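A short write-up of the structure that comes next.
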Amino acid sequence: MKITLDSIKSDVLAGLVVFLVALPLCLGIALASGAPLFSGVIAGVVGGIIVGALSKSQISVAGPAAGLTAIVLGAITSLGTFEAFLLAVFLAGAIQMALGFARAGAFSSYLPSNVIEGMLAAIGVIIIIKQLPYATGWIDGRATGGALLVTAISMSILIAWDAVSRLKKIKVPSALIAVLAGVAINEGLKSAGSSWAMRPEQLVNLPVPDSAAGFLRLFSLPDFSMISDTRIWIVAATIAAVASIETLLCIEAADKLDPMKRFTDTNVELKAQGVGNMISGLLGGIPMTSVIVRTSANVNAGAKSKIATISHGVLLLASVMLIPSALNSIPLACLACVLLKVGFKLASPAVFRHMWYAGKYQFIPFVVTVGAVVFTDLLKGVG
């Protein structure tokens with residue numbers, strides 16, 4: 001694909017949308033993993049800039065993955081320290097690189113298209129289910145008025161941008177407008193002293209360093225003194241296996257989402273992910289994979305090349321360095337709306353109708369995959 005000024009502008013705007021989707025995911029996955037919140041952002045930055053540059057995929061986006069949360073939580077607990085876990089992440093990256101050189105990426109060619117379609121639809125369903133509490137501001141067993149108001153207006157903006165031809169021509173991502181509207185609404189509620197104003201737990205929550213030295217203290221180093229510990233290698237092998245399989249699944253799905261139908265060298269992808277996890281572990285980040293939620297948001301935002309992926313990583317880095325306080329004023333409700341739109345596109349009724357009309361030999365594996373992924377997890381469901 002020829003890079004032009006227009007395509008660069010389109011990719012940078014797509015990167016902005018992915019940044020808005022990735023930021024809460026980086027924080028939420030780190031929180032669910034029992035890791036420092038900043039470690040999720042580190043993984044997102046490395047996934048965007050380093051893996052984005054090394055990968056042969058033009059649209060795939062790497063970052064911390066929800067499918068690894070249980071493994072990470074258990075590993076940090078069993079190994080005793082976060083620094084010991086970081087060593088396992090570094091070694092997992094090295095194992096992934098070895099898998100790439102061993103040409104293990106060929107595994108993805110054995111995955112039937114109806115299973116990939118089912119995986120995508122299931123992830124869409126999961127996104128919708130997971131984001132509804134944020135969209136409603138669910139606290140103490142009830143929805144909150146401020147969150148519902150932000151959700152209603154933000155979702156209206158996102159829908160209108162797709163439906164109104166004049167709005168489609170505006171070269172500003174609808175997600176950015178929705179987020180700005182959400183911030184403005186909540187700030188207005190706060191100024192008015194309304195009880196509908198968001199509580200702290202309903203807003204983005206990033207660490208705010210007080211100086212350059214404080215920012216550097218947010219990073220952690222692996223504990224290489226534990227490299228002979230068998231437990232480290234078991235965790236490393238587990239992370240490498242699960243992360244590699246999830247990456248191959250997502251790369252296969254990303255190629256199907258790509259409007260230009262480009263093919264990604266999966267062996268190169270494993271090497272790129274390996275380098276990414278080694279660097280993430282060295283800097284204090286949690287492990288990463290290629291992630292279909294970010295990738296789908298990237299495609300939907302009009303990304304054409306890896307410039308979008310890299311720019312989202314640059315934006316993540318710049319935001320946590322320069323404007324963490326401003327980011328902490330963003331309501332989770334409007335970010336949930338962006339993700340709900342992504343989830344609906346992945347699991348729209350049109351997808352189920354298409355697979356139904358394709359015949360029972362396509363529909364049955366498809367719907368079984370959807371159900372299994374939703375009610376178990378991605379790897380068990382696809383298996």
Side-chain angles (χ1 to χ4, degrees), residues 14-49 51-52 60-73 120 122-135 154 173 175-176 178-179 182 201-207 243 246-247 250 253-254 276 280 285-301 303 308-309 311-317 319-320 324 327-328 330-346 377-378:
L16 176 59
V17 173
V18 180
F19 157 71
L20 293 172
V21 171
L23 179 62
L25 288 176
C26 290
L27 298 172
I29 290 169
L31 181 66
S33 300
L37 291 183
F38 191 64
S39 67
V41 179
I42 293 171
V45 171
V46 174
I49 298 174
V51 178
S60 173
V61 184
L68 290 172
T69 51
I71 294 171
V72 174
L73 180 62
L120 289 171
I123 290 172
V125 172
I126 292 169
I127 290 171
I128 292 169
I129 293 170
K130 295 287 188 184
Q131 294 305 311
L132 284 176
Y134 296 110
S154 297
L176 177 58
V179 167
E201 62 267 30
Q202 294 175 305
L203 302 172
V204 168
N205 182 21
L206 274 172
E246 288 207 17
T247 288
C250 292
S280 184
I286 55 179
M288 73 188 74
T289 72
S290 175
V291 188
I292 198 61
V293 177
R294 297 169 180 82
T295 301
S296 178
N298 199 31
V299 174
N300 290 336
T309 303
S311 64
H312 118 274
V314 172
L315 287 169
L316 277 174
L317 178 60
S319 65
V320 296
L327 293 176
N328 287 345
I330 299 175
L332 293 175
C334 53
L335 294 175
C337 289
V338 176
L339 288 167
L340 286 170
K341 182 183 174 185
V342 172
F344 182 77
K345 287 200 172 187
L346 289 173
D377 59 42
L378 187 145

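Since we're looking at a predicted model, the values are computed, not measured. Basis for what follows: all heavy atoms, side chains included, without hydrogens, waters or symmetry-related copies.
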Exercise: identify the closest heavy-atom pair between [X] and [Y]:
X: Leu340; Y: Ala135; value: CD1-CB, 4.0 Å
X: Val72; Y: Pro287; value: CG2-CG, 3.8 Å
X: Ala14; Y: Asn298; value: CB-OD1, 4.0 Å
X: His312; Y: Gly15; value: CB-O, 3.3 Å
X: Met288; Y: Val51; value: SD-CG2, 3.8 Å
X: Phe19; Y: Leu315; value: CE1-O, 3.8 Å

Test side-chain contact (heavy atoms from CB on, under 4.5 Å), reference Val338, set Leu176, Val18, Val21, output is Val21
Thr309 side-chain N/O to Ser60 backbone N/O, donor-acceptor pair under 3.5 Å:
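A pair under 3.5 Å: yes.
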Okay, side chain of Ser33, backbone of Ile29: is any donor-acceptor separation there less than 3.5 Å?
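Between the backbone of Ile29 and the side chain of Ser33 there is a qualifying donor-acceptor contact (under 3.5 Å).
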Heavy-atom side-chain contact between [X] and [Y] under 4.5 Å:
X: Leu37; Y: Leu206; result: no
X: Arg294; Y: Cys250; result: no
X: Val41; Y: Leu27; result: yes

Under the criterion side-chain contact (heavy atoms from CB on, under 4.5 Å), I'd like the reasoning laid out for Leu23 against Leu335: C-alpha separation, chi angles, the key distance, then a yes or no.
CA-CA 9 Å; Leu23 179 62; Leu335 294 175; 5.6 Å; no
What's the separation between atom [atom1] in [X] and atom [atom2] in [Y], rounded to the nearest 0.5 Å?
X: Leu20; Y: Ile330; atom1: CG; atom2: CD1; value: 6.5 Å
X: Leu31; Y: Asn205; atom1: CG; atom2: CG; value: 9.0 Å
X: Leu317; Y: Ser319; atom1: CG; atom2: OG; value: 7.5 Å
X: Ile42; Y: Ser280; atom1: CD1; atom2: OG; value: 6.5 Å
X: Ile286; Y: Ser39; atom1: CD1; atom2: OG; value: 4.5 Å
X: Thr295; Y: Asn300; atom1: OG1; atom2: CG; value: 11.0 Å

Leu332 vs Leu203, side-chain contact (heavy atoms from CB on, under 4.5 Å): CA-CA, chis, key distance, verdict:
CA-CA 5 Å; Leu332 293 175; Leu203 302 172; 5.7 Å; no
Quick one: do Thr289 and Val291 satisfy side-chain contact (heavy atoms from CB on, under 4.5 Å)? Show the steps, please.
CA-CA 6 Å; Thr289 72; Val291 188; 3.9 Å; yes
Trace of the side-chain contact (heavy atoms from CB on, under 4.5 Å) decision for Val45 with Leu316:
CA-CA 6 Å; Val45 171; Leu316 277 174; 3.7 Å; yes
